[in-house]
Amino acid sequence: MTSKCIINWLCDSPSPYNSQLFRAIASDTDICLLVHYRRLSLATHPWHSQLTEGYHYRVYQEQTGVDWRLIRLALMSEKHLASQSFVVAGWNHPTAWLLLTLLALRRGNFVIWTDTPNLARIRSGWFQKARRVFLRWVFGRARYIMGTGMPALRALEIMGASSAKLVNYPYWIDLNMYKTIRVIRSTPGSPLVFLSSGRIQNDLKGHDIAIQALAVVARRDLVSFEYRIAGAGPDTDALLALAKTLGIGERVKLLGWLEPGELIEQMRMADIFIHPSSVHEPYGVAVIEAMTVGLPVLASDVTCAALDRVKPGVNGYIHRAGDINQLAEHIIDLATDRGRIAIMSDHAQLTAMQWPLSKGVISIKMLLCNSK
């Protein structure tokens, strides 16, 4: 390439996994990356870690609900527009709608990146029809449509995206963060450590389902365990009360909000990761983080990262969302055989290592930086 590939990347807000990707892309000498954040923080995810270092970014300056500076990029002369590439992460904001419309009309160089859309979500009749027509039209004009794993690609194809344009572009892992981690697993005879992470909100993350399943396990008295939950949210007191009522209050520990490094520390001391989401989870980055540390994953069938990465019986299990007894059986099946845990741990880590950051950078260069 004789000149730098200019990429404008629309993103909702900084997160550890997206920021790792942005730093890796920005470090490539052939790429000039500018991330356009809709906002710098979310009340539900109060990160204290520095997530905006190592790459260029700006924050939307909205007037009448739209960031017009970003829109002006799509209105440049054809020559200047041809020098720009765009990654539009989702389509849930007026700025994204307008930008996608202009880029589609002007044949700009853009790709769409999205988690797994919820095809079961019900919207008002007129809006559903208009949305379906709009997205089919935009999909047809996009250079590529990137989905975070195979469940996303299947959903996008149902929505009208051409299979020829679909690209598997999941969340990527910075393997360098994990190379020096010394994993400390429980020893034979000591309690197994189960871990979950995510917002403490039962109607989303289903930690109450995990507690009820572990109570079933406790009643059978087959394995000693401790269940640790990392995260913050409105149902903290309700979870503690539930655990106490079910007789496992002393075995359930709520760790509160953890920063990325603190969460990794908890993962390296755990044995099994439970991700019992109760409703459609468009991805579930915690699943791949846990697998990178070598944790077998017990996840629900509405967690798209698990559907994409977990091979039942090989590196974890998948249970029906909300099915307490099935999750309990999976826990017992795995927890009563520590040798099997070790084997699944190795398979989980091997699975995660197939998706390093370097592969994400190479992929985005191939998609956007080759001759247009």
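We're numbering straight along the sequence, starting at 1. Not measured: the values here are computed from a predicted model.
Grouping the Ile, Leu, Val, Met, Phe, Trp and Tyr side chains by contacts below 4.5 angstrom, directly or via other members, places Tyr317 apart from Phe273. Note on Leu367 and Phe22: same hydrophobic cluster, where clusters join Ile, Leu, Val, Met, Phe, Trp and Tyr whose side-chain heavy atoms are under 4.5 Å apart, directly or indirectly. A continuous path of hydrophobic side-chain contacts links Tyr17 to Met353 [ILVMFWY only; heavy atoms under 4.5 Å]. When the side chains of ILVMFWY residues are joined at heavy-atom separations under 4.5 Å, either directly or via intervening members, Val138 and Leu81 end up in a single hydrophobic cluster. At a threshold of 4.5 Å between side-chain heavy atoms, the hydrophobic network of Ile, Leu, Val, Met, Phe, Trp and Tyr places Leu214 and Leu295 in two separate groups.
Of all non-hydrogen atoms in Ile6 and Ser83, the two that sit nearest each other are CB-O, 3.7 Å. Here the closest non-hydrogen pair linking Ser277 and Ala321 is O-CB, 3.9 Å. Across all their heavy atoms, Pro356 and Trp172 have their closest contact at O-CE3, 3.3 Å. In this structure, Ala74 and Leu99 approach most closely via the heavy-atom pair CB-CD1, 3.7 Å. The two residues Ser278 and Asp203 have their closest heavy-atom pair at OG-O, 3.1 Å.
The list of salt bridge (charged side-chain N to carboxylate O under 4.0 Å, His left out) pairs with a residue in residues 183-198, not counting sequence neighbours, is empty. Pairs passing the salt bridge (charged side-chain N to carboxylate O under 4.0 Å, His left out) check and including a residue from residues 251-269, sequence neighbours excluded, read Glu265-Arg268. Applying the ring-ring contact (aromatic ring centres under 6.0 Å, His included) definition to pairs two or more places apart or across chains, those involving residues 60-85 are Tyr60-His93. Judged as a salt bridge (charged side-chain N to carboxylate O under 4.0 Å, His left out), the pairs with a partner in residues 303-320 (not counting sequence neighbours) are, in order, Arg320-Asp323. Residues in residues 227-263 take part in these ring-ring contact (aromatic ring centres under 6.0 Å, His included) pairs, two or more places apart or across chains: Trp47-Trp257.
Side chain of Gln128 to backbone of Ser124: no donor-acceptor contact under 3.5 angstrom is found. Formation of a donor-acceptor pair under 3.5 Å by the Thr351 side chain with backbone atoms of His347 is found in this model. The backbone N or O of Gly294 lies less than 3.5 Å from a partner atom in the side chain of Ser345, making a donor-acceptor pair. Side-chain N or O atoms of Ser19 include none that pairs as donor or acceptor with a backbone N or O of Pro16 at under 3.5 Å. Remark: side-chain polar atoms of Trp91 are not paired, donor with acceptor, to backbone N or O of Ala96 under 3.5 angstrom. Checking side-chain atoms of Glu226 against main-chain N and O of Val193 turns up no donor-acceptor pair under 3.5 Å. The main-chain N or O of Thr116 is found under 3.5 Å from a side-chain atom of His280 such that the two form a donor-acceptor pair. Judged by distance alone, with hydrogens and angles left aside, the side-chain atoms of Thr303 form no donor-acceptor pair with the main-chain N or O of Ala299 at under 3.5 Å.
A 4.5 Å side-chain heavy-atom check between Leu334 and Met344 finds at least one atom pair inside the cut-off. Taking 4.5 Å as the limit, some side-chain heavy atom of Leu255 sits within range of a side-chain heavy atom of Leu258. The side-chain heavy atoms of Leu298 and His275, taken from C-beta on, include no pair separated by under 4.5 Å. Using a 4.5 Å heavy-atom threshold, the side chains of Leu75 and Ile71 count as touching. In this structure the side chain of His36 never reaches within 4.5 angstrom of the side chain of Tyr57, judged on heavy atoms.
Below 30°, between 30° and 60°, or above 60°: for Trp137 and Phe134 the angle between ring planes is between 30° and 60°, a tilted geometry.
Separation of the Phe110 and Phe86 ring centroids does not fall under the 6.0 Å cut-off. Taking the ring centroids of Tyr171 and Trp113, they lie under the 6.0 Å cut-off.
Arg220 is linked by a side-chain hydrogen bond (donor to acceptor under 3.5 Å, both in side chains) to Glu329, counting only residues two or more places apart in sequence or in another chain. Annotation: side chain to side chain contact (heavy atoms under 4.5 Å, CB included) contacts of Arg219 (sequence neighbours excluded): Ala215, Val216. Taking the side chain to side chain contact (heavy atoms under 4.5 Å, CB included) definition, one finds that Ser41 meets it with nothing, sequence neighbours left out. Scored by the side-chain hydrogen bond (donor to acceptor under 3.5 Å, both in side chains) test, Gln354 finds no partners at all (sequence neighbours excluded).
Annotation: the span from Leu103 atom CG to Arg107 atom CZ amounts to 12.0 Å, rounded to 0.5 Å. In this structure, CG in Leu222 is found 11.5 Å from CD1 in Ile331, a value given to the nearest 0.5 Å. Distance check: Leu327 CG to Ile318 CD1 gives 12.5 Å after rounding to the nearest 0.5 Å. Distance OG1/Thr114 to OH/Tyr283: 13.0 Å, rounded to 0.5 Å. For the atom pair Leu51 CG and Ser15 OG, the distance stands at 7.0 Å (nearest 0.5 Å). Considering CD1 of Ile274 and OG of Ser300, their distance stands at 11.5 Å, rounded to 0.5 Å.
Membership of an apolar cluster is not assigned to Leu34, as no side-chain contact below 4.5 Å to another ILVMFWY residue is traced.
Between the side chains of Asp12 and Tyr37, no donor-acceptor pair of N or O atoms lies under 3.5 Å. Side-chain polar atoms of Gln84 and Asn8 form a donor-acceptor pair below 3.5 angstrom. In summary, the side chains of Ser186 and Arg338 do present a donor paired with an acceptor at a separation below 3.5 Å, with no hydrogens or angles considered.
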For residues 230-240, tabulate all N or O donor-acceptor pairs below 3.5 Å that involve a side-chain atom, not counting sequence neighbours.
unit_1	atom_1	unit_2	atom_2	d
Asp235	OD2	Asn202	N	2.7
Thr236	OG1	Gly233	O	3.3

For residues 152-166, please give each side-chain donor-acceptor pair under 3.5 Å, one per line with the distance, not counting sequence neighbours.
unit_1	atom_1	unit_2	atom_2	d
Ser162	OG	Ala164	N	3.2
Lys165	NZ	Phe139	O	3.4
Lys165	NZ	Gly140	O	2.5
Lys165	NZ	Ala142	O	2.8

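Annotation: Met366, atom CE; neighbour count of heavy atoms from other residues, nucleotides and ligands within 6.0 Å does not exceed 12. More than 12 non-hydrogen atoms from other residues, nucleotides or ligands lie less than 6.0 angstrom from CD of Gln50.
For the cysteines Cys369 and Cys5, the sulfur (SG) atoms lie within a distance shorter than 2.5 angstrom of each other.
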What's the verdict on salt bridge (charged side-chain N to carboxylate O under 4.0 Å, His left out) for Asp30 and Lys365, showing C-alpha distance, side-chain angles and the deciding distance?
CA-CA 9 Å; Asp30 293 325; Lys365 287 181 73 173; 3.1 Å; yes

For Lys205 and Glu281, run salt bridge (charged side-chain N to carboxylate O under 4.0 Å, His left out): C-alpha distance rounded to whole Å, both residues' side-chain angles, the deciding distance at 0.1 Å, then the answer.
CA-CA 9 Å; Lys205 298 299 183 179; Glu281 183 154 2; 2.7 Å; yes

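Salt bridge status for Asp67 with Arg58: present, with a side-chain N to carboxylate O gap under 4.0 Å. Taking a cutoff of 4.0 Å between a charged side-chain nitrogen and a carboxylate oxygen, Arg106 and Glu78 do not qualify as a salt bridge.
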